[in-house]
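Here's the structure, in structure tokens; my notes come after.
Order of the sequence lines fixes the chain letters, A, B, ..., with proteins taken first and strands second; residue numbering starts at 1 for each chain. Since the model is a prediction, treat every value here as computed from it, not as a measurement.
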Amino acid sequence: MSDLPKAYEPQAVEAKWYAAWIEGKCFEADPSSEKPAYSIVIPPPNVTGILHLGHVLNNTIQDVLARRARQKGMEVLWLPGTDHAGIATQAKVERELRENEKLTRRDLGRDEFLKRVWAFKDKHGDIIINQLKRLGCSCDWSRERFTMDAEYTKWVSHVFVELFKEGLIYRGKRIVNWCPVSLTALSDEEVVMTPQRSKLYFMKYEFTDAPGEFLEISTTRPETLMGDVAVAVNPKDPRHAKNIGRMVYRPFPHTPIPVIADDHVDIEFGTGALKITPAHDKSDFEIGLRHGLEIIDVLTPDGHVNCPEVPELHGLDRFVARKKAAAMLEERGLLLKVEEYENNVGFSERAHVPIEPRISMQWFLKYPCVKEAADAVATGEIQFRPERWAKTYAHWMENLQDWCISRQLWWGHQIPVWYRKDKLDDLKNAESLDTSHLSHGDLFVGVEPPADADNWVRDEDVMDTWFSSWLWPFATMTNVGEKSATLKKFHPTTDLVTGPDIIFFWVARMIMAGFRFEGELPFKNVYFTSIIRDLQGRKMSKSLGNSPDPIDLMEKYGADGLRFGLMRIAPVGSDVRFDESSVEEGRNFANKLYNACRFRQMADEIEAPTAEVGDDEVIGMANCFHVDILAKLDQLAVDLERIYGEYRFGEIAQRLYDFLWGEFCDKFLEAVKGDLRESATPEARAVTLSVFDTVMSRFLQLLHPYMPHVTEELSLRMGYLEEGEFLMQEPLPDEPVLAGLAAEEIAAEQSKAAAIYETAGRVRNLKAEYHVGSRRDVKLVVKGAVEWLSEQQQVLALLSGAGEIVLDAAYDAPKGTPVSLTPVGEIYLPLEGLIDVEAEKIRLSREIARIEQEVVRCETKLGNESFVARAPAAVVEQEKARIVEWQGKLVQLREMLAGLG
RNA sequence: GCGCGCUUAGCUCAGUGGUAGAGCACAUCCUUCACACGGAUGGGGUCGCAGGUUCGAACCCUGCAGCGCGCACCA
């Protein structure tokens, strides 16, 4: 091993092990297993997407959970797959078509276009899957699913049909969020409210019964005023009481419209008069319904004015028309003023343009099993982490709006509804459709097409992508009408790991679907990950170019480095600011681990005898450093078990890091280095090697979920496992390493080790103070040494960098010899006349002053009767002990100062 | 407008009542036979502000401020 490179090179190792795990079928779940089940379904990434850091965090957490569960003896299913991502995928293909062939999807026709999308999916669909594999994800790839698989599509249709029969799905003309670019309706969740700097136009409409008298109105959208059918005022508004029931002239087309009264109008806002455009505003639409007003649509689907009566505006883009309309008002002397104004405008989540509220015929769903779904989270049957998201969920569940599930797209699950050809026009124009039409035979709703298909025409729309995603936990496990062995074993799933940004889109809807179609919750725990931002706190996005490519990071630092680095900084509650240096630290950690093992291998190559020491004998021969590290390992295992239960992934990473680096390498390895030299006794060598192996083999196991590749590699290299065995399949041992040793004995040994470590630190800092920190030949004299110090004298010399340590109870220190009070005695550092006496005097005086202050502080505290009476006894004792300690030190320091003259 | 978070060292963040912590960055030293992707030492914080509870508050309570995020029919 010593001929290997000094630094760990992860790339080849990681590829090798991933292939080996696949070859060994390590990820495949067995539904017939006797072991308890543990399951996760992956949040399916977009099939044509590419991996970003959010995916890395999310999937690393899932992999950690899955791998840990396997170690805990569970039968694990991590079910992977991809989502067809209707709008996103269709838009990509349309763009490619436009750029390469100057064609639109309509030029190709539906069938041909869909062929193109499938081809695109086949070409790009594996990219993100392969990226997940590169990351080391232990998904059961034999069960990979896609939301448009034939069987999955059946589920989607089946669910539609069932909910339609139940009367929860209906069709109707409503105001929907219309995207003028994608040319489809969107759900409320797909609209992002964005503050905009816009203009508020104040205009006046003339009363028909009083020429020269005007009603003042403000609006942000003058381009829609051709669709005005009324002006509304609040009935409680005294300013307008006299106006209710009168008529005013809409400027263009010049037509009288009524002034009506409606509670919705805010008296405080502007002039208290609101123009009503039912076709282009949701609340206007509702007011229109209440008052039986006409609906005049003056915009085309792609956001252009459609109003031949006003030729100046007809055909203009909506934003061009806005300026033009304002100019026209001004020409007519009807524009009073224009103010700068900030308001919230809904933007299309995908197309990034303002959505248009638009009347159109769409399919809607009234959510099923709302109460069960709300209760499941409220009662804690489904546990949210962090818990506060439960409140967000509850709020949404209490204010559910019907879900617009139809999309005017081609890529997706086509609505399983057929219309009779001869009734097509009637049906398409009908205001609404309900289940009664089913029996009339004009409408056919079914998973399979009607038998006499030639007489029917299928609804052209497809369903919202989330209408398939919400079935993911069970539709990936079983076919319609079956209860597969997989479903029986693994549903409900154990943990769901996802981002809080899709709590409404996905999480809430899955819970409802789970209750409705499987009669049970879909998962028991939901862990919401942090949102990853850049160092400026901005979201990662392609357009900002602030999103590092995880593949590049893995090339540079290894998948294990990326995983560990990201997990270590991922906080439980809030967002995380990403910096590449954290990944670098992950890489460094893997390297540290690798080198610790390399050190062990090199020790084997030294030609020095090793005694045969049986496992049982090791503990008996162990010194305090051995016992100490073994005890810390046991403690680590116990702590990790608890922290896993709390899903505190960052803390787990931190504990692993601190143990390996701080305890194992910095302390333990340094303390036992002497045991591995040729000069050491065979027994000491044997015991130390044995302890090393015990700790390292168990530590590799504990670290494995976070850094699967390097731990697997080292377990084999170090001989902890045979060729053909996998660390990922090794169950975690239940027994502590030190099970056979009494707690008091462990504590006694640990306190010795702690004393030596602390003493070494004090000596090093004493050396540094006198600028001999790098010298390893200094002589130390210990006065008043604890009786056991002679046993560990060599180790202390090694750790503190001393050439010689002399125990001398009667040592008479030369004047000004630096001294440190340590847990093992007074340690002097004779400087052989090299010190600057004056500087030393100043240093001592400062130290004395500082300690005196400490003593005063403690005494004041102890003089406080309330403190003594109310504080726990242990705390009071601690304070007292502290004073004794400080005073002892003061005596020493004053003597030293006096000694200097 | 309502709700939820956050505010601790230059940066990123731990720390849920008992003497303020880590990593990075910084400074000095060390190319000592696991590791410079390393080792040693050190400087650096009135824990956002103001009150309150308590013997004792970064931590609990109440206000306030700043930042961020949700939700909402302000034209």
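- In this structure, the side-chain hydrogen bond (donor to acceptor under 3.5 Å, both in side chains) partners of A:E758, at least two apart in sequence or on a different chain, are A:R762.
- Put simply, A:N399 has no side-chain N or O that comes within less than 4.0 Å of OP1 or OP2 on B:C71.
- With sequence neighbours left out, A:D281 forms a salt bridge (charged side-chain N to carboxylate O under 4.0 Å, His left out) with no residue at all.
- Of all nucleotides listed (B:C37, B:A22, B:G39), B:A22 comes nearest to the side chain of A:Q654.
- Residue-level contact check: A:Y393 touches neither bases nor backbone, having no heavy atom under 4.0 Å from any strand.
- Looking at heavy-atom distances under 4.0 Å, A:K767 makes no contact with the nucleic acid at all.
- If you take atom C1' in B:C67 and the same atom in B:U31, they sit 47 Å apart, rounded to whole Å.
- Proximity of A:W661 to the phosphate of B:G39: a side-chain N or O atom is located under 4.0 Å from OP1 or OP2.
- One finds a side-chain N or O of A:N765 lying less than 4.0 angstrom from the OP1 or OP2 phosphate oxygen of B:G42.
- Taking the side chain of A:F269 as heavy atoms from C-beta on, and the options B:A75, B:A34, B:A40, the nearest nucleotide is B:A75.
- When the P atom of B:C33 is taken as reference, atom CD of A:Q601 falls 20 Å away, rounded to whole Å.
- Across all strands shown, A:D501 has no heavy atoms under 4.0 Å from either base or sugar-phosphate atoms.
- Atom pair A:N588:CG and B:G39:C1' shows a separation of 14 Å (rounding to whole Å applied).
- When the nearest nucleotides of RNA chain B are assigned to A:T271 and A:E189 by heavy-atom distance, the more 5′-ward of the two goes with A:E189.
- Between the side chain of A:R587 and the base of B:C37, a donor-acceptor pair under 3.5 Å is found.
- For A:A653, the side chain to side chain contact (heavy atoms under 4.5 Å, CB included) test picks out A:F564, A:R568, A:Y706, with sequence neighbours left out.
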Considering only nitrogen or oxygen atoms on both sides, find all protein atoms under 3.5 Å from nucleotides 67-70 of chain B and state each distance.
none

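- Side-chain proximity of A:R388 to B:A34, B:C35, B:G5: nearest is B:G5.
- Of the candidates B:A72, B:A34, B:A75, the closest approach to any side-chain atom of A:Y341 belongs to B:A75.
- Heavy-atom neighbours of A:E555 CD from other residues, nucleotides or ligands within 6.0 Å: above the threshold of 12.
- Here A:N343 reaches the OP1 or OP2 of B:A75: one of its side-chain N or O atoms lies under 4.0 Å away.
- Side-chain atoms of A:L274 lie closest to B:A75 of the nucleotides B:A75, B:U41, B:A34.
- Only the C1' atoms considered, B:C29 is 15 Å distant from B:G43, to the nearest whole Å.
- In this structure, A:D579 reaches neither bases nor backbone, as no heavy-atom distance under 4.0 Å exists between it and the strands shown.
- With RNA chain B read from its 5' end, the first of the two nearest nucleotides for A:F599 and A:E585 is the one closest to A:E585.
- Between the side chain of A:E670 and the base of B:A34, at least one donor-acceptor pair of N or O atoms lies under 3.5 Å.
- Judged by distance alone with a 3.5 Å cut-off, no donor-acceptor contact links the side chain of A:K391 to the base of B:C4.
- Looking at A:E14, its side chain does come within 3.5 Å of a backbone N or O of A:D560 through a donor-acceptor pair.
- Phosphate contact (OP1/OP2 of B:G15, side-chain N/O of A:R648, threshold under 4.0 Å): present.
- A cation-pi geometry, defined here as NZ or CZ lying under 6.0 Å from the six-membered ring centre and within 45° of its normal, does not hold between A:K199 and A:Y341.
- For the P atoms, the distance linking B:U16 with B:U28 amounts to 37 Å, nearest Å.
- Nucleotides B:G44 and B:C30 have their P atoms positioned 24 Å apart, rounded to a whole Å.
- Shown for residues 217-234 of chain A: residues whose heavy atoms fall under 4.0 angstrom of RNA chain B, namely A:S218, A:T219, A:T220.
- Between A:Y527 and A:Y647, the angle of the ring planes stays under 30°, which puts this pair in the parallel group of the 30/60° scheme.
- Screening residues 265-280 of chain A for salt bridge (charged side-chain N to carboxylate O under 4.0 Å, His left out), with sequence neighbours left out, gives A:D228-A:K275.
- We find that CD1 of A:I532 is positioned 12 Å from P of B:C13, with the value rounded to whole Å.
- A:R577 is linked by a side-chain hydrogen bond (donor to acceptor under 3.5 Å, both in side chains) to nothing, counting only residues two or more places apart in sequence or in another chain.
- Taking atom C1' in both B:G52 and B:A14, one finds a spacing of 28 Å when rounded to whole Å.
- Regarding A:I287, its CD1 atom lies at a distance of 12 Å from the C1' atom of B:C74, rounded to whole Å.
- With sequence neighbours excluded, no residue forms a ring pair (Phe, Tyr, Trp, His ring centres under 6.0 Å) with A:H280.
- Looking at residues two or more places apart in sequence or on another chain, you find no salt bridge (charged side-chain N to carboxylate O under 4.0 Å, His left out) involving A:R250.
- Atom name C1', nucleotides B:A75 and B:G70: the rounded distance is 24 Å, in whole Å.
- To the nearest whole angstrom, the two P atoms, one in B:G18 and one in B:C60, are 12 Å apart.
- Under a 3.5 Å cut-off, the side chain of A:T220 and the backbone N or O of A:L200 do not form any donor-acceptor pair.
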With both pairing distances under 3.5 angstrom for Watson-Crick or G-U wobble, and | for a partner in another strand, the correct string for RNA chain B is ((((((((.[[[[.)..(..]]]].(((((.......))))).....[[[[[..)....]]]]])))))))....

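- With sequence neighbours excluded, the residues satisfying salt bridge (charged side-chain N to carboxylate O under 4.0 Å, His left out) with A:D262 are A:R290.
- For B:A75, neither phosphate oxygen OP1 nor OP2 lies less than 4.0 angstrom from any side-chain nitrogen or oxygen of A:K275.
- Scored by the ring pair (Phe, Tyr, Trp, His ring centres under 6.0 Å) test, A:W661 finds A:Y657 as partners (sequence neighbours excluded).
- As rounded to the nearest Å, B:G42 and B:A58 have C1' atoms that lie 25 Å from one another.
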